[in-house]
Each structure stands twice: as C-alpha cells, then as structure tokens.
Amino acid sequence: MAEPIPLSVPSVGKREKELLEECVNTNWVSSAGPFVDLFEETVAEYVGAQYGIATSTGTAALHVALRVSGVEKNDEVLVPALTFIAPANAVRYLDAHPVFIDAQPDHWQIDPGLVKEFLSANCEKREDGTYNRSTGRRVRALLPVHVLGHPVELDSLREVARSYNLSIIEDAAESFGAKYKGRRVGGGPGMVCLSFNGNKTVTTGGGGMLLTDREDWARKARYLTTQAKDDPLEYVHETVGYNYRLSNLQAALGCAQMERLEVHIQRKRSVAKRYQTALSDKEGLRVFKEAPWAHSTYWLSAVEVDSNEYGVNSRTLIKKMRAQNILVRPLWNPLHLNPAHAGETFVGNGVARQLNRRVVCLPSSPSLTDRQQDRVIELLLHI
Ligand SMILES: *Cc1c(COP(=O)(O)O)cnc(C)c1O
C-alpha cells in the first residue's frame, strides 16, 4: 500500500514544544495565564481587530457571538447552505432558526444576490426589526461563512445587513489570514469567529476566538465565556453563562503556530497554484480559483468534476483515490438536506447540491511535498 497522503494535517514542532514546556515549568496550565493574553493580542492585531476573546472551540465562539448580538429564541439567522454544520448548530443552541442561503456558483460562498432577494421578497421591515412574512419570525442576523480559505463578498453583505438592520457575525474558521479587497478578514463592524481545531490553518489542538472592535461586545463575550460572574469573589451570577475559555496550554500552542502562519499560508497558496497549473487543460476538471478581489489562503484546494467530460463522477474518483491512500473528501452535504436541520427554510436554486455532488477536496497540508502532490496530480490526469 502506498504511503498515505492526508487531506490536511497540522504541523507542530520544536517551537510548540518549547512554549508548552514553559507552561509546565511555570505551572500555568489552565484557563488563565500569559499565553492566553498573548494569543488574544497576537491574533487580534494580525487581523486588525480591537479585541480577541479566546474560546474552547470555534463553535463556542459562534454560540457566544450570536447571543451577544441579541439573537433570541425563535429569531431567524441567515446561514449559507454550503458549509460545515457548526454555524447552523450554534443558531439552534439558542432555539433560533437558520435560513439556509444557497452558494454562488463561481466561488462557492454565500450568494449575496439571494440574501437580498429573500429579504426584499419575503420579509418586511417593521419598527422593531425585519420579519419573515411566511414564518412570522424576526430575522435578526446574517452569518456568512468564509469557506475553504476564500472570503465572502463582504461589501454587498454588509450593505444588505445595514439596510435591514441585521447583525453580522462572520465565521472565518476556515479562512484565517484571507483578505477581502486587500484587507484581512477579521476586522470590521460585526463580530468574527475563528476556529483553531486540528484541521485549521492555525491549531491549538482545539480552540476558537471571537473578534470585535466593540468594547461592550468584547466585555459581554468575556463574561459569558467565563460562567457570567457578576462578583469575582462572592459567586453571584445574573445570567446563565458558559465555561468556554481556552487553556494556557492550548494558547501556548497557538502562539507558536502564529509565528509560522504566513509561511503556512504561502505554502497552501503554492500548493493551490500547482494544482491549477497542472490540471488547467484537463477536460472535465475545474480547479477552484480565487475571485479577482480575493486573497484566498486555499485552506483546502478543491476540484469540480464534470462527469460527462471527465468520464467518471466525483464519488468514483474519490473511491479510486482513497484506494491509492490519497485521502480526498467530498464537500459538505448541504445543510438544509441534513436531518438535523429538517424543516428549516432554504433559499436557492440547487447550486450547493450540485457542488456537493461534483467537488472533491484535495490534499492541502503545508507539509505536502512536491512528490506527494505529483502522485495526486498523476492520478487526476490519468484516472
Ligand atoms: C471548523 C469550523 C468551525 C468550528 O469548529 P470547532 O471545531 O468548533 O472549532 C466553524 N465553522 C466552520 C465553517 C468550520 O469549518
């Protein structure tokens, strides 16, 4: 059996070990400590946000961000149909409802045209907010997800959100380091959430962060992620909080990872460029490319398969590649098709479903060698 080529794995090394050792040597291992503060500052400064609040997972950051932004039971939140399930789950944790918006066919992000269309055709503005006429529910927030390392069309989405008075919570879990029109994703008006899970560009083993420019939101988020303590000494709590803090050990890993972030992004971009060049003439394959206004981190490289032209469909291709120990995967099952979210509204024309049927995610680790990548490319060219 050929040596396995993983989809995307973290690279941790000497520096991570050094900083972890420092935690152990100083006894700072738990949810307070110098690395937590340093990690929050480093990440916030990197993206250009005022405040960073580290959390135990990216999903936890989303949960808290939704609550801070005022999402309540029976509210609706617009979420892309084509993404990992975490943002939709976070909406449901608050007994609110996701409205799934289809993907845009060129860059696979949430389609701003459909967001606008849904709001203007199906919703009405009232004094206390925007309401969905079919469900009678208040539409409270927009939760765009920058998927696969590529930014969403922020300008159009921000404009729609402003005009319908919706909060914006960006999920940048897969796109830490990406730029929209030259500016790094993570700053700006709403709240932005990151993940530092094992498969993300920066990993802390598990972890996340909520970023914002607003001091009141930052304070509220910090309060909610630490069990909502109203008196630091007397154990008084006015509301139900969460134990969502990141540990100093995890933050130490994150600090070490941040030192190599740019190198990792450069590496992922050159992996993507190499796939693009090698497969550009292959009939039936379309390698994902960034939009002209985008600087993608290419968290995962991916290829869209047209089975008529290519000769085999994506699932056969996946099977054949996995049989050679190349651990490719399909894109996510569109969220509205998951039984977990059955009954929620879907707005779209089937783009997410088509992409799910056709796209194959390719090995994209920063540690992928040229020889390994050649093995992947050879198979794709001569399947
Ligand atoms: C990974 C991911 C998250 C959060 O994941 P955690 O494992 O909870 O850190 C959220 N949204 C998207 C789109 C993701 O890919």
Side-chain angles (χ1 to χ4, degrees), residues 7-10 39-40 43 47 52-67 77-94 98 100-101 103-104 107-110 141-152 154 157 168-178 185-186 190-211 221 225 242-247 250-251 253-254 257 268 288 296-302 329-336 338 340-341 352 355-356 359 361 364-365:
L7 187 69
S8 184
V9 287
F39 187 48
E40 288 177 340
V43 172
V47 299
I53 294 92
T55 55
S56 49
T57 65
T59 311
L62 287 165
H63 183 189
V64 168
L66 285 162
R67 194 165 148 191
V77 179
L78 310 191
V79 177
L82 190 67
T83 181
F84 183 57
I85 202 166
N89 287 351
V91 170
R92 295 280 298 280
Y93 296 166
L94 292 166
F100 295 114
I101 309 289
Q104 189 275 343
H107 306 108
W108 311 352
Q109 311 295 314
I110 187 169
L142 174 57
L143 202 172
V145 181
H146 307 275
V147 293
L148 297 168
H150 193 283
V152 299
L154 271 174
L157 292 169
I168 288 207
I169 296 123
E170 294 167 48
D171 179 343
E174 299 176 6
S175 302
F176 186 30
V185 163
M191 274 176 275
V192 182
C193 297
L194 296 173
S195 164
F196 306 114
N197 192 25
N199 60 352
K200 298 293 168 22
T201 309
V202 160
T203 185
T204 57
M209 198 175 290
L210 190 159
L211 298 153
T225 55
Y242 315 99
N243 179 11
Y244 276 172
R245 289 293 280 160
L246 192 75
S247 73
Q250 291 166 310
L253 261 180
Q257 292 265 294
K268 276 183 185 281
F288 181 86
S296 177
T297 65
Y298 290 99
W299 172 58
L300 288 183
S301 278
R329 292 187 67 155
L331 269 188
W332 317 276
N333 187 31
L335 297 186
H336 60 289
N338 284 289
H341 295 294
L355 289 169
N356 163 261
V359 172
C361 296
S364 311
S365 304

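In each ligand, atom 1 is the first atom listed, and ligand 1 is the first ligand listed.
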(request) Just do the ring-ring contact (aromatic ring centres under 6.0 Å, His included) check on Tyr298 and His150 with the steps written out, would you? (result) CA-CA 7 Å; Tyr298 290 99; His150 193 283; 7.8 Å; no
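- Aromatic rings from Phe39 and Phe196 are positioned such that their centres are separated by under 6.0 Å.
- Heavy atoms of Ala61 come nearer than 4.0 angstrom to ligand 1 in no pair at all.
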(request) Step by step, work out the side-chain contact (heavy atoms from CB on, under 4.5 Å) result for Val47 and Phe176. (result) CA-CA 8 Å; Val47 299; Phe176 186 30; 3.6 Å; yes
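- Nearest to atom 11 (N) of ligand 1 among the protein's heavy atoms is Asp171 OD2, 2.6 Å.
- No side-chain N or O of His146 forms a donor-acceptor pair with one of Glu174 less than 3.5 Å apart.
- With ligand atoms numbered from 1 in the order given, ligand 1 contributes 13 (C) to contacts under 4.0 Å with heavy atoms of Val145.
- At the shortest separation from atom 1 (C) of ligand 1 among protein heavy atoms lies Lys200 NZ, 1.5 Å.
- Here the heavy atom of the protein found nearest to atom 15 (O) of ligand 1 is Glu174 OE2, 2.6 Å.
- Among all non-hydrogen protein atoms, the one lying nearest atom 8 (O) of ligand 1 is Thr59 OG1, 2.5 Å.
- Under 4.0 Å from ligand 1, the heavy atoms of Thr83 that appear belong solely to its side chain.
- Taking any N or O of Gly58, backbone or side chain, at least one lies under 3.5 Å from an N or O belonging to ligand 1.
- Of all atoms in ligand 1, listed by their number and element, those nearer than 4.0 Å to a heavy atom of Ser195 are 1 (C), 4 (C), 5 (O), 6 (P), 9 (O).
- Using a 4.5 Å cut-off on side-chain heavy atoms (C-beta onward), Ile53 and Val64 make no contact.
- If you check the side chains of Asn89 and His341, you find a donor sitting under 3.5 Å from an acceptor.
- Taking every heavy atom of Gly207 and a limit of under 4.0 angstrom, the matching atoms of ligand 1 come to 9 (O).
- Looking at Asp171 and Pro144, their side chains never come closer than 4.5 Å, going by heavy atoms from C-beta outward.
- The protein non-hydrogen atom at the shortest distance from atom 3 (C) of ligand 1 is Ala173 CB, 3.6 Å.
- Side-chain polar atoms of Ser301 and Lys268 form no donor-acceptor pair below 3.5 angstrom.
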